[in-house]
Amino acid sequence: MTVRVRFAPSPTGFMHLGNARTALFNWLFARHHGGEFILRIEDTDRERHTEAAVQVIYDSLKWMGLNWDGPVLRQSERLAIYHEVAEKLIAEGKAYRCNCTREELEAKKEAMKDTVNRSCYDRTCRDKNLGPDCGTHVVRFKMPLEGESSFDDMIQGKITKSYKDLDDFIMIRSDGMPTYQFAVVVDDLALQITHVIRGSDHIDNTHDQIALYHALGKEPPRFGHAPRILGLSKRKGSPSVEYYREALGLLPEGLNNYIARLGWSHGNDEIFTMDELVKAFDICDVNQANGQFDEEKLIWVNEQQLHIVPIEKLASYVIPLFEKAGIHVEAGEWLNKLLEMMRMRAHNLNEIVSGSRFVFVAPETYDEASVAKHFNADTPELLNALADELEKLDNWDPAAIEAMMKAFAEARTLKMGKVAQPARTAIVGIAQSPSIGDTIWFVGQKEACARLRKAAEYAKSLG
RNA sequence: GGCGGGUUCGUCUAGUGGUUAGGACGCUGGCCUCUCACGUCGGUAACACGGGUUCGAGUCCCGUACCCGCUGCCA
């Protein structure tokens, strides 16, 4: 039997990190077992979903690299099937029509308020055998009254619940739309889903769903309920893939790696490529306990991925960000070299762009602290002399530039820092940049000399 | 309230009856060094609590506390 799993989000307009992890776990499970990963849009709540919201799901999944198999299923397009199944269950006495009004239900609930178990519908209509002509009505599932429901969760272990705590839940609403609880079973059956991996907030629903499978004479799939991610408040904007991607300059590999490790582990391993994740992922190794989201660690994991992704891939991530910053770059050897230089000192994609800016744009101002620390009365002469030397250099190469500067410093009995730091400030605008040879090399001979001379003028103006 | 789950450093976690309770993030000290970083070597800090079972319990059982979820004609 080939493994078939699905990710079934409802289109809310953004991809919540918790949902993203559910998608990842499903995808990893499918790829690990050579199975299929199906995408289904849960849009039975017609008020809430829009096409733009559906597009967000596609975009986020694509960015994360979680490609799905086959066509996307839309619940809203399958109304007829739900009714067919509901009618069949009614005919078999396994479901029934209920014309209790919302007001009546509300009143009953209010009356039951102080009783021991106030959570269930009182089953007024259960044995009335109401026909389709009973007015406005819903269709309810006829839950067994005695015994207990139990299933072996791939993550949580054995979970048991007594039928007396289970409700005659609604399958079809009075407006004819199926409820999630009902549609999910019909759809998972139609898609021949073998394993359902979802958030632990669905644990209690599972008993209802299994009862439905039994009523339909079908074998339920295996379930795996992943713990929740805590601490994703809306405080900093919506806790979504889109938000963190931009705010933190994430690589998909970084997000995936972090999110996978939150609630799942593989010995002491921390950093995984996507291939390694697929190989190592086992749903049984997922934790039962909820986990606290830790942005600091996300940042660190992302940084580690920044260090190891193939350089061409890194280039493809970063080129659009450069464009956005008004800097045009093209893929190629030169860009790769720049990225190799920057990736180790940047913590994320955004910092690669901001840290590389000096290569393309001359500083307009000089950082105050850097000037205070590295510029003095000798600086104009020093920078001009250095520019002279640089101009004479006919071997334009980072190592040669550095060697020249070392010799330059030595000739003046200065330490390297006394030359490199003023030069760096002059060229970058701040005394922080990659190694001085690389820094100058990337700026280019002519431009570097110009910046040195310009800074010399500036230093002179300081008096 | 009822029901279902959970509980190892601040955080993510390893651990499946005998360990100096390990790793990672963070924080912190040193080294490296032309700066910023990277890296590297150290330090910091945990078995929620109370009862059992056992020669021996973070590991098994029970209770308490706390946390999460469900209790919708939301998904």
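The sequence lines fix the lettering, A, B, ..., with proteins before strands; numbering per chain opens at 1.
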For this session: When you get a sec, tell me which of B/C3, B/C34, B/C68 is the closest nucleotide to the side chain of A/Leu230?
Result: B/C68
For this session: Check whether the side chains of A/Ser435 and A/Asp438 place a donor and an acceptor atom closer than 3.5 Å, and report yes or no.
Result: yes
Exercise. Looking for any heavy atom pair under 4.0 Å, which part of the strands does A/Pro227 touch: base, sugar-phosphate only, or nothing?
Worked result: nothing
Problem set entry | N/O donor-acceptor pair, side chain A/Gln292 with base B/G10, under 3.5 angstrom | no
Exercise. Does some side-chain heavy atom of A/Trp27 sit less than 4.5 Å from a side-chain heavy atom of A/Phe7?
Worked result: no
Exercise. Tell me: CE of A/Met405 to P of B/U33, nearest whole Å?
Worked result: 18 Å
Problem set entry | Proximal nucleotide (of B/A75, B/G26, B/C38) relative to the A/Glu296 side chain | B/G26
Exercise. Between B/C12, B/G39, B/A75, which nucleotide gets closest to the side-chain atoms of A/Thr179?
Worked result: B/A75
Exercise. What is the nucleic acid contact for A/Thr439, judged by heavy atoms within less than 4.0 Å: base, sugar-phosphate only, or nothing?
Worked result: nothing
Exercise. Can a donor-acceptor pair under 3.5 Å be found between the side-chain atoms of A/Asn290 and the base atoms of B/G6?
Worked result: no
Exercise. Quick check: are there more than 12 heavy atoms from other residues, nucleotides or ligands sitting under 6.0 Å from CD of A/Glu106?
Worked result: no
Problem set entry | C1' gap between B/G18 and B/U59, integer Å | 11 Å
Exercise. For A/His202 and B/A75, is the gap between ring centres under 5.5 Å while the planes differ by less than 30°?
Worked result: yes
Seminar exercise, completed: In whole angstroms, the gap separating P of B/C9 from CG of A/Asp294 amounts to 14 Å
Problem set entry | Residue met sooner reading RNA chain B from 5', once A/His207 and A/Ser265 are mapped to nucleotides | A/His207
For this session: Give one of base, sugar-phosphate or nothing for A/Cys98, where a contact means two heavy atoms less than 4.0 Å apart.
Result: nothing
For this session: Fit a plane to each ring of A/Phe141 and A/Phe169, take the angle between them on a 0 to 90° scale, and name the class: parallel (under 30°), tilted (30 to 60°) or perpendicular (over 60°).
Result: parallel
Problem set entry | N or O in side chain of A/Gln288 less than 4.0 angstrom from B/G6 OP1/OP2 | yes
For this session: Would you indicate which nucleotide in B/G6, B/G26, B/C12 comes nearest to any side-chain atom of A/Lys297?
Result: B/C12
Problem set entry | Assigned glycosidic conformation for B/C27 [threshold 90° from 0] | anti
For this session: Would you kindly give the CE-to-C1' distance between A/Met341 and B/C36, to the nearest whole Å?
Result: 12 Å
Exercise. Got a sec: does the CZ of A/Arg78 have more than 12 other heavy atoms crowding it under 6.0 Å?
Worked result: yes
Problem set entry | N/O (side chain, A/Arg97) to phosphate O (OP1/OP2, B/C73) under 4.0 Å | no
Exercise. Is A/Asn287 near enough to B/U13 that one of its side-chain N or O atoms lies under 4.0 angstrom from OP1 or OP2?
Worked result: yes
Exercise. If the P atom of B/G69 is compared with that of B/U53, how far apart are they to the nearest Å?
Worked result: 37 Å
Problem set entry | Protein-nucleotide distance (A/Asp208, atom CG; B/C73, atom P), rounded to Å | 12 Å
Problem set entry | Same-atom distance (C1') from B/C67 to B/A21, integer angstrom | 24 Å
Exercise. Roughly, in whole Å, what's the span from CG in A/Leu232 to P in B/C67?
Worked result: 19 Å
Exercise. Applying a 3.5 Å limit to both distances, which nucleotide forms a Watson-Crick or G-U wobble pair with B/G69?
Worked result: B/C3
Exercise. More than 12 foreign heavy atoms under 6.0 Å from NZ of A/Lys142: is that the case here?
Worked result: yes
Exercise. Whom does B/U59 pair with, Watson-Crick or G-U wobble, provided both distances fall under 3.5 Å?
Worked result: none
Exercise. Got a donor-acceptor pair under 3.5 Å from the side chain of A/Arg345 to the base of B/C36?
Worked result: yes
Exercise. Under 4.0 angstrom, heavy atoms only, what part of the nucleic acid is A/Arg343 near: base, sugar-phosphate, or nothing?
Worked result: nothing
Exercise. Considering heavy-atom distances to RNA chain B, does A/Trp300 or A/Trp264 have its closest nucleotide positioned more toward the 5' end?
Worked result: A/Trp264
For this session: Could you work out the separation of B/G5 and B/C41 based on their C1' atoms and round it to a whole Å?
Result: 43 Å
For this session: With heavy atoms under 4.0 Å as the rule, sort A/Lys158 into base, sugar-phosphate or nothing.
Result: sugar-phosphate
Exercise. For B/G72, does OP1 or OP2 lie under 4.0 Å from any side-chain N or O of A/Lys109?
Worked result: yes
For this session: Tell which nucleotide pairs with B/U19, taking only Watson-Crick or G-U wobble pairs whose two distances are both under 3.5 angstrom.
Result: none
For this session: Would you classify A/Glu270 as touching base, sugar-phosphate or nothing, given that sugar-phosphate means primed atoms plus P, OP1 and OP2, and contacts are heavy atoms under 4.0 Å?
Result: base
Exercise. Between A/Tyr180 and A/His202, does a ring pair (Phe, Tyr, Trp, His ring centres under 6.0 Å) hold up when you go through it step by step?
Worked result: CA-CA 11 Å; A/Tyr180 161 79; A/His202 287 281; 5.5 Å; yes
Exercise. Does OP1 or OP2 of B/C38 have a side-chain N or O of A/Gln432 closer than 4.0 Å?
Worked result: no
Exercise. How close or far is atom C1' of B/C73 from atom CZ of A/Arg102, stated in whole angstroms?
Worked result: 5 Å
Problem set entry | C1' atoms of B/C55 and B/G50, separation to the nearest Å | 23 Å
For this session: Both distances under 3.5 Å, Watson-Crick or G-U wobble: report the partner of B/C32, or none.
Result: none
Problem set entry | Atom P, compared across B/U28 and B/A65: separation rounded to whole Å | 40 Å
Exercise. At under 4.0 Å between heavy atoms, what does A/Ala289 touch on the DNA or RNA strands: base, sugar-phosphate, or nothing?
Worked result: sugar-phosphate
For this session: With heavy atoms under 4.0 Å as the rule, sort A/Ile159 into base, sugar-phosphate or nothing.
Result: sugar-phosphate
For this session: With heavy atoms under 4.0 Å as the rule, sort A/Arg261 into base, sugar-phosphate or nothing.
Result: base
Seminar exercise, completed: Checking N1-N3 plus N6-O4 or O6-N4 for Watson-Crick, or N1-O2 and O6-N3 for wobble, each under 3.5 Å, the partner of B/A14 is none
Exercise. So A/Phe272 and A/Trp264, would you call those rings parallel, tilted or perpendicular, with 30° and 60° as cut-offs?
Worked result: tilted
For this session: Please check if atom CD in A/Glu410 has more than 12 non-hydrogen atoms from other residues, nucleotides or ligands closer than 6.0 Å.
Result: no
For this session: Report the base-pairing partner of B/C74 (Watson-Crick or G-U wobble, both distances below 3.5 angstrom), or none.
Result: none
Exercise. Is there a donor on the side chain of A/Asp204 or the base of B/G4 sitting less than 3.5 Å from an acceptor on the other?
Worked result: no
Exercise. Just checking A/Glu402: base, sugar-phosphate only, or nothing, at a heavy-atom cut-off of under 4.0 Å?
Worked result: base
Problem set entry | Side-chain touch A/Gln304/A/Leu251, heavy atoms, less than 4.5 angstrom | no
For this session: For nucleotides B/G43 and B/A57, find the distance between their P atoms and express it as a whole number of Å.
Result: 29 Å
Exercise. With a non-hydrogen cut-off below 4.0 angstrom, is A/Ile170 in contact with a base, only sugar-phosphate, or nothing?
Worked result: base
Exercise. Reckon A/Gly355 touches a base, only the sugar-phosphate, or nothing at all at heavy-atom distances under 4.0 Å?
Worked result: nothing
Exercise. B/C68 base to A/Arg228 side chain: any donor-acceptor pair below 3.5 Å?
Worked result: no
For this session: With heavy atoms under 4.0 Å as the rule, sort A/Glu106 into base, sugar-phosphate or nothing.
Result: nothing
Problem set entry | For atom CG of A/Leu79 and atom P of B/C73, their distance in whole Å | 19 Å
Problem set entry | Gap in Å between the two C1' atoms, one belonging to B/C70 and one to B/A37, rounded | 48 Å
Exercise. Taking atom types as they are modelled, is there a donor-acceptor pair under 3.5 Å from the base of B/A75 to the side chain of A/Asp201?
Worked result: no
